[in-house]
2 protein chains.
Amino acid sequence: MEKRKLSNCGHTHTCNHTVGSHKSCISLVPIFNHLEVEQMDEIMKTVQAASFKKGEIIYQAEDPSDSLYIVNQGKIRIYRLSDSGKEQLVRILNPGDFTGEHALFSESMHESYAEAMVDTSVCVIRRLDLQDFLLKYPSISLKILEEFASRLKQSEKQTAQFATEKVETRIALFLAECYDQEKSSTGTFILPMSKKDLASYLGTTPETISRKLADLEEQGYIKRKTNKRIEVLNLDGLLLI
Amino acid sequence: MEKRKLSNCGHTHTCNHTVGSHKSCISLVPIFNHLEVEQMDEIMKTVQAASFKKGEIIYQAEDPSDSLYIVNQGKIRIYRLSDSGKEQLVRILNPGDFTGEHALFSESMHESYAEAMVDTSVCVIRRLDLQDFLLKYPSISLKILEEFASRLKQSEKQTAQFATEKVETRIALFLAECYDQEKSSTGTFILPMSKKDLASYLGTTPETISRKLADLEEQGYIKRKTNKRIEVLNLDGLLLI
DNA sequence: TGAAAATCTTGATGAAGGTCAATTATTTAA
DNA sequence: TTAAATAATTGACCTTCATCAAGATTTTCA
């Protein structure tokens, strides 16, 4: 059987720096960092800094803020609400990632989202300012378009995975992806979120995650070193589960 | 309990006309129809017509075409391939919808897609032409961005549904959505695809679709009139399943 | 640090739905 | 229009995984 391609493990883009001042929001993130220095300066003037404590919620469906948020430090967890109100973790934003589709679109896009913070500092660009820039510098739109296309691809891939693979396979693919992204020399990687969150992300329960990891260990694919750190013993095997 | 909001039933946008000439591809579709007449004329010059017979495949992962396709007549079914190669129906394009992300982006977006035709005529804009227009007329990018944002929202919603709702609920929500979109005076609607396709779209099997429809009928929520036509007897009930 | 809270693990059980197989209905194309 | 192909239905069975519960471990923060 052919070796599988890997799916995404919840990282939206790799950006390991810890952003210093709120200005670096602009100069370091992909959607702006291709601009000329003067153009970035112009945008920086409109940027405001903000920070959130753990557990705070930036916005929810009923309470739409209309700004674009760029993560400076910390993480933002983005949940989507299903029709019956159950929530699924769809993405975790790391420094350099952005959110706030409300700022980008007019219509009825303002629903079914919730976002939770983990001691985060962000840069904020208000809707009106952003709209100006989009028209003035078309290349920003193209960058955002690229980002959206990438997210869309990722989301559809995940949907297809939900539709066609069983939980065990989804977990195995997730582990392989995480391992692939960390490329630690020790042959190990760290789970990027709690098993509770992971269960939400993969559409299963913490109990099942526990059990499947135990199974995978028993079958010799992985070895659990600590709670969060996992050693991969047989990557190819993982990808064929 | 609160009445649920509806999810999408596979239509990307409502566009009932049957497009006549290939020129109307430009003047009728949302991503172009806001332009000035001269601008549309300019784009029309670069448009080529093409048609496909049932079962043909426009492109696949390994064989990326690099054009933007706008559906003129017929339908295009878009499948996504999971990591293990199983495919899921993710979207059905109707006249006015477009596809061909390859034309829009540079990098490694060219994978895991397949598209199948049903006697379709399409308009084709080549990548290089399109790139010119995007830079020349920024508003096209904004329109495409809006379309992508909408698809992304839809896709994430569907992912959340897969992650949190059981098959029975997904089917019920799908029926309610279809009914909502058709608004037939008879209280009925027509399933927009075969049950085989529907099973693929909803991540289940044709057998389960059959059984669940029978259940829903027995419980008095719906009545199957013919193979494809379904009468809705209790919409609110459907939404609470 | 140490107590409280949160998370994780493991077991027992049951429900939901997938698979296989046989039959019936519908669609396609000659 | 009819034969062949495809799709849909129904039944029997069985796998997967969610749920509930109880205990162990890790994390938090006073």
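Here is how names work: the chains are called A, B, and so on, in the same order as the sequence lines, proteins then strands, and each is numbered from 1.
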Taking all non-hydrogen atoms of both residues, which atom of B/K196 and which atom of B/P206 are closest, and how far apart? CA-CG, 4.2 Å
So for A/R211 and D/dT19, does any side-chain atom that can act as donor or acceptor lie under 3.5 Å from a complementary atom in the base? yes
Whether [X] contacts [N] is assessed here as follows: a side-chain N or O lying under 4.0 Å from the phosphate OP1 or OP2. Is that the case?
X	N	result
A/K166	D/dT16	yes
A/T208	D/dA18	yes
A/K228	C/dT7	no

Nearest whole angstrom, please: distance from the [atom2] of [N] to the [atom1] of [X].
X	N	atom1	atom2	value
B/D215	C/dA15	CG	P	15 Å
A/K196	C/dA6	NZ	P	9 Å
B/I241	C/dG17	CD1	P	12 Å
A/L202	D/dC17	CG	P	12 Å
A/R229	D/dT26	CZ	C1'	17 Å
A/D197	C/dA6	CG	C1'	12 Å
A/M193	D/dT26	CE	C1'	19 Å
A/I209	D/dT16	CD1	P	17 Å

Tell me which of A/E207 and A/N227 sits closer to the 5' end of DNA chain D, going by the nucleotide each one is nearest to. A/E207
Go through the steps to decide whether B/E177 and B/Q181 satisfy the test side chain to side chain donor-acceptor pair (under 3.5 Å), and finish with yes or no. CA-CA 6 Å; B/E177 170 72 7; B/Q181 291 204 353; 2.9 Å; yes
A/K212 near the nucleic acid: base, sugar-phosphate alone, or nothing, with a heavy-atom cut-off under 4.0 Å? sugar-phosphate
Could you check whether B/E168 gets within reach of a base, just the sugar-phosphate, or nothing at all, counting any heavy atom under 4.0 Å? sugar-phosphate
Whether A/R151 engages the ring of A/F98 as a cation-pi pair (distance to the six-membered ring centre under 6.0 angstrom, angle to the ring normal within 45°) should be assessed. yes
Go through C/dT9, D/dC17, C/dG18 for me and flag the one nearest to the B/V167 side chain. C/dG18
Ignoring the backbone of A/T205, work out which of C/dT9, D/dA18, C/dT19 is nearest its side chain. D/dA18
Of A/K225, A/R211, A/R224, the one forming a salt bridge (charged side-chain N to carboxylate O under 4.0 Å, His left out) with A/E217 is A/R224
Passing candidate, side-chain hydrogen bond (donor to acceptor under 3.5 Å, both in side chains) with B/K195, options B/N227, B/T208, B/T205: B/N227
